[in-house]
Protein chains: 2
Amino acid sequence: MALSDRKKRILRAIVESYITTAEPVGSKAVSELTGLDVSTATIRNEMADLTEQGYLEQPHTSAGRVPSPAGYRLYVNELMDRQQLTLQETQRINEALDLKMEELDRVIDRAGRVLSQLSDYPVFTMAAAKERLTVKRFDLLMVEDDAFIAVVMTDNSIVKNKLIRMSGQLSEPQLQMLSAVLNSSFTGLSREEMAQALDKLETRTAPGAFQLIALVVEFAIEVLESQGQQKFRTAGITHLLEHPEYRSLDKAKPLMAYLSDEGEGTPLPVALDPGKSMDILIGPENVNDALKDTSVVMASYDIGDNMRGVIGVVGPTRMDYAKVTARLSYFADSLTRMFGKELPSPEDSEE
Amino acid sequence: MALSDRKKRILRAIVESYITTAEPVGSKAVSELTGLDVSTATIRNEMADLTEQGYLEQPHTSAGRVPSPAGYRLYVNELMDRQQLTLQETQRINEALDLKMEELDRVIDRAGRVLSQLSDYPVFTMAAAKERLTVKRFDLLMVEDDAFIAVVMTDNSIVKNKLIRMSGQLSEPQLQMLSAVLNSSFTGLSREEMAQALDKLETRTAPGAFQLIALVVEFAIEVLESQGQQKFRTAGITHLLEHPEYRSLDKAKPLMAYLSDEGEGTPLPVALDPGKSMDILIGPENVNDALKDTSVVMASYDIGDNMRGVIGVVGPTRMDYAKVTARLSYFADSLTRMFGKELPSPEDSEE
DNA sequence: TCTAGCACTCACGTTCCTCAAGTGCTAAAT
DNA sequence: ATTTAGCACTTGAGGAACGTGAGTGCTAGA
């Protein structure tokens, strides 16, 4: 049952008013906002209909109306104007991203921070490998008599290194031998496969050499792990406090704790459908309990061929969807353009 | 003017009660807490004295007393018991730090998080080079026909690398030549000196080679910069909300914003005297406005010979100093023991 | 020097009331 | 059949009045 045009106008006015004021909207206000040339009584009737159809809610018998999740859903799907960004804003974004191409993490962190400032909501970011990662190449590099640097280059061209100290000494040819073994037996393997290959190798290799190889392979496994892991980061959580729905600490605390407990074992809040480039979850559509009264708008971007990131905005269900989606999609597009296919990774990595 | 023993006992009782309850303390409560065998009236007299001497304050005529900053100061300097850590806590700390020895940043991040959990206050961390940093050694490592990895090892044994792509091709001997130039002309120099040396080199080197050298040196300068920078990070800001003094958003917001605006240009909140290993700043003793009603307890730890870090706890002036100092100093000591002199860098070396 | 007692002060919680905003319904008008 | 005007009703917010209790300062006596 499609809504009449007038109902849509009314719903839209209510959503937009409530988004900005966070106060229930009454029939009089709607009449003024829509500019409809009908009396408030008529509007009340329409509002009663909308309530019955589940698009609006009443906090209590005699307050104005508030959009229900279904109302927001309809709004973002059909009613909302795509907002234009101002020139300053695009500049701001570009600056944040351009800035001499630092390492991946930092760029994304910075992106999160700026997006949060532009949207007045907290922002989270996440990045993870799409598929299986492998080591493309090992290099060993003598630095002192009793130490060498192991350089590991992954599939997606991330390069990491580690200084390895030995008890004995090692000659250059011996090192080359190790390097040859590593490159022939451990490239192109996933973590589990590497572990298996290492087991097999143990029996038919001299213990001394095996020990060194094991050290390097363990390091490589760590690298793959850290790349494969989803890194969850947040920025601008304090923006939450600016919105009246989080004035009460009981509301704010769980969500803030959830968001700020970054890094360590955060149960991932979201999974974006591979097809979509942008997704909106409104209130109860979120699985996680901490997000039940919260909306999440998120977009994905690609990092090289083999990784994908998600950047998202978190706010009250009455968040300003039009504003947020505009900024978010611009960000995600810029990030993809920046990290996209050709240049598969931030070239510098470190440790 | 030294305080009488009884006055000290009273002050101490008031501070400790107020620390746990966050409620003004009345004469009756003091009488019970101290176990002094005098009437409440006597205690009232003593409290009046203490108020006059500036160690206590009254929120309003007829509430109990609250410690003034001077009161806290006296408490931390003379009255406070050094708390013992429980076995579980030390284990917790050790686990957090041990955990297979990841890179420096992560260890410190994790340390901050655990310390925050143990103390129920937000924690900040900072690390910076003590003196001038230089590059100890360059290595160039061919990876493909048209790309090589530049490995830079600093003074304090931090190793970073970057993949450098070229337009043309390069032979192994040519690469060795570049490496020789870098190691002879750019090691042991500070950032500024490297920039100068690069200028001088330009005139007497072939343009192609010079361009590659410039890329590597620029990278090296970036590395030194990033090491020299003070990295300000925080953990557990939401703990603030658990304390009644930050119930009102007007109080909580500025401080939280200040703390959570990590990374980017945070005006550094603190500078620890080089001599001291632990320092306590109470309320107005803080220079920064956002910290005026806030106390900071911080301790320093050493990272190798050339870097020093600060880890600190932020909370209301009535923070539980005894508890915090105990945990903090244990952390700082452990960190120093871990990163201290001998093994100067995050890379762990295996025996 | 300490104590007991007393009058005084304030913040806080409760209750009660009013007020304004907004509603639903009905009856008349278009 | 819709729309409008009018009206009675509901409800939360805000404010005044009030009692309560914790805590104080002061004074007089031990």
Side-chain angles (χ1 to χ4, degrees), chain A residues 1 3-11 13-15 17-18 20-68 71 244-245 247-248 251, chain B residues 1 3-11 13-15 17-18 20-68 71 244-245 247-248 251:
Chain A
M1 40 113 152
L3 271 63
S4 75
D5 231 41
R6 193 167 67 187
K7 281 205 176 60
K8 283 186 185 169
R9 277 179 75 175
I10 290 172
L11 177 57
I14 290 176
V15 172
S17 163
Y18 187 63
T20 56
T21 63
E23 305 257 306
V25 189
S27 50
K28 188 156 156 249
V30 172
S31 150
E32 281 158 16
L33 285 167
T34 55
L36 282 175
D37 210 11
V38 293
S39 76
T40 60
T42 312
I43 289 176
R44 276 203 294 283
N45 285 331
E46 296 284 52
M47 284 163 76
D49 287 359
L50 285 169
T51 307
E52 202 166 333
Q53 291 169 75
Y55 294 113
L56 295 179
E57 283 171 359
Q58 289 180 291
H60 54 87
T61 322
S62 165
R65 298 303 208 292
V66 160
S68 73
E245 24 273 285
R247 297 232 120 211
S248 128
K251 306 266 178 176
Chain B
M1 35 114 160
L3 270 64
S4 75
D5 230 42
R6 193 167 66 189
K7 281 205 177 61
K8 282 186 186 170
R9 276 179 75 176
I10 290 172
L11 176 57
I14 291 176
V15 171
S17 163
Y18 187 62
T20 57
T21 63
E23 304 257 305
V25 188
S27 49
K28 187 156 157 248
V30 172
S31 150
E32 282 159 15
L33 287 167
T34 54
L36 281 175
D37 209 14
V38 294
S39 77
T40 61
T42 312
I43 288 175
R44 276 205 294 283
N45 284 332
E46 297 283 53
M47 284 164 75
D49 286 359
L50 284 168
T51 307
E52 202 167 332
Q53 291 169 75
Y55 294 114
L56 295 178
E57 284 172 357
Q58 288 179 292
H60 54 89
T61 322
S62 164
R65 298 302 209 292
V66 159
S68 73
E245 23 274 286
R247 297 232 121 212
S248 129
K251 306 266 178 174

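The figures that follow rest on heavy atoms only: side chains count, while hydrogens, waters and symmetry mates do not. Order of the sequence lines sets the chain letters (A, B, ...), proteins ahead of strands, with each chain counted from 1.
- A/R44 contributes atom CZ, which lies 12.5 Å from atom OG1 of A/T51 (distance to the nearest 0.5 angstrom).
- Closest of all the heavy-atom pairs between B/Y18 and B/E245 is OH-OE1, 4.3 Å.
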For residues 31-38 of chain A, tabulate all N or O donor-acceptor pairs below 3.5 Å that involve a side-chain atom, not counting sequence neighbours.
{"residue": "A/T34", "atom": "OG1", "partner": "A/V30", "partner atom": "O", "Å": "2.9"}
{"residue": "A/T34", "atom": "OG1", "partner": "A/S31", "partner atom": "O", "Å": "3.4"}
{"residue": "A/T34", "atom": "OG1", "partner": "A/L36", "partner atom": "N", "Å": "3.2"}

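- Side-chain atoms of B/S68 come within 3.5 Å of backbone N or O of B/G54 as a donor-acceptor pair.
- Between B/S4 atom OG and B/I10 atom CD1 the span is 7.0 Å, to the nearest 0.5 Å.
- The side-chain heavy atoms of B/L50 and B/L3, taken from C-beta on, include a pair separated by under 4.5 Å.
- Rounded to a whole Å, the CZ atom of B/R6 is 7 Å from the P atom of C/dT3.
- Of the two residues contacting DNA chain C, namely B/T42 and B/P59, the nearest-nucleotide position lying further toward the 5' end is that of B/T42.
- Among all heavy-atom pairs drawn from B/P67 and B/L56, the shortest one is CA-CD2, 3.9 Å.
- For the pair B/T20 (side chain) and B/S17 (backbone), a donor-acceptor distance under 3.5 Å is present.
- With sequence neighbours excluded, the residues satisfying side-chain contact (heavy atoms from CB on, under 4.5 Å) with B/A63 are B/P24, B/P59, B/H60.
- Here CE of A/M47 is found 8.0 Å from CD of A/Q58. Values are rounded to the nearest 0.5 Å.
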- Reading 5' to 3' through nucleotides 14-30 of chain D, protein heavy-atom contacts under 4.0 Å coded B for base, S for sugar-phosphate only, - for none: --------BBBB-----
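- Whole-Å rounding puts the A/E46 CD to C/dC25 P distance at 15 Å.
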Write down the protein N/O and nucleotide N/O pairs, taken from nucleotides 27-30 of chain C, whose separation is under 3.5 Å; answer none if there are no such pairs.
none

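- When rounded to the nearest whole Å, the span between CG of B/L36 and P of C/dT3 equals 10 Å.
- Overall bending of the helix from C/dT1-D/dA30 to C/dT30-D/dA1, expressed as the angle between end axes built from five pairs apiece, is 20° (10° steps).
- One finds no side-chain N or O of B/S39 lying less than 4.0 angstrom from the OP1 or OP2 phosphate oxygen of C/dC2.
- Spacing between atom CD1 of B/I43 and atom P of C/dA4 amounts to 12 Å, rounded to whole angstrom units.
- Residues in residues 50-67 of chain A take part in no salt bridge (Lys or Arg N to Asp or Glu O under 4.0 Å) pair, two or more places apart or across chains.
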